[in-house]
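Take a look at the structure below.
Atoms within a ligand are numbered from 1 in the order they appear, just like the ligands themselves.
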Amino acid sequence: MSIIMPRPKKYRLIGETPLALYFKPRGIPLRDLEEIELSLDELETIKLKDLKGLNQEECAKRMQISRATFARILRSARKKIARFLLEAKALKIDEKVRLINARKYRCLECLKEFEIRAGKNVRSTVCPFCGSDKFESLHKILWR
Ligand SMILES: [Zn+2]
């Protein structure tokens with residue numbers, strides 16, 4: 001009996017991209033700093049797990065990746081951030097990935113996901129579950 005491996009998903013789902021993309025310690029010139037590059041999916045794991053406090057299964061579901069993959073990305077992200085803080089490095093968010101608007105949105109109040117049909121005005125839309133007008137668009141990040 002042969003085991004058919006499921007084909008890996010070609011993307012990961014992430015929420016809004018960060019407001020700032022570069023961080024450096026004060027007092028050290030940029031040319032003397034080593035850069036650490038944090039990818040958008042690494043940042044997303046930190047956002048979901050450490051900032052929002054979701055459990056690992058929920059986080060993986062939101063990014064549409066396996067729990068093992070989520071755990072691996074999270075480990076890598078935490079290590080990079082620890083090095084940034086402790087070894088006086090510069091931290092750069094890698095935004096050179098291809099982002100595709102997934103036409104999906106996530107409510108920031110009730111955290112449920114929903115879609116907005118093409119042609120519908122996003123600004124006049126509210127969450128179909130709780131009526132909140134605070135939601136973020138989700139993006140697909142193409143697997144490099
Ligand atoms: Zn809602």
Which residue, Lys47, Arg12, Lys80, Arg78, forms the salt bridge (charged side-chain N to carboxylate O under 4.0 Å, His left out) with Glu42? Lys80

The Zn ion (ligand 1): protein N, O or S atoms that are less than 2.8 Å away, sorted by chain: Cys107 SG, Cys110 SG, Cys127 SG, Cys130 SG

Within the supplied structure, the quantity of interest is the number of heavy atoms (other residues, nucleotides, ligands) at a distance under 6.0 Å from Glu57 CD; does it exceed 12? no

Can you give the donor-acceptor pairs under 3.5 Å from side chains of residues 17-25 to other protein atoms, not counting sequence neighbours?
residue : atom : partner : partner atom : Å
Tyr22   : OH   : Glu35   : OE2          : 2.6
Lys24   : NZ   : Ile28   : O            : 2.9

With sequence neighbours excluded, what pairs up with Phe114 under the ring pair (Phe, Tyr, Trp, His ring centres under 6.0 Å) test? Phe135

Taking only residues two or more places apart in sequence or in another chain, which ones pass ring pair (Phe, Tyr, Trp, His ring centres under 6.0 Å) with Phe84? none

Output for pair (Thr45 OG1, Leu43 CG), nearest 0.5 Å, gives 7.5 Å

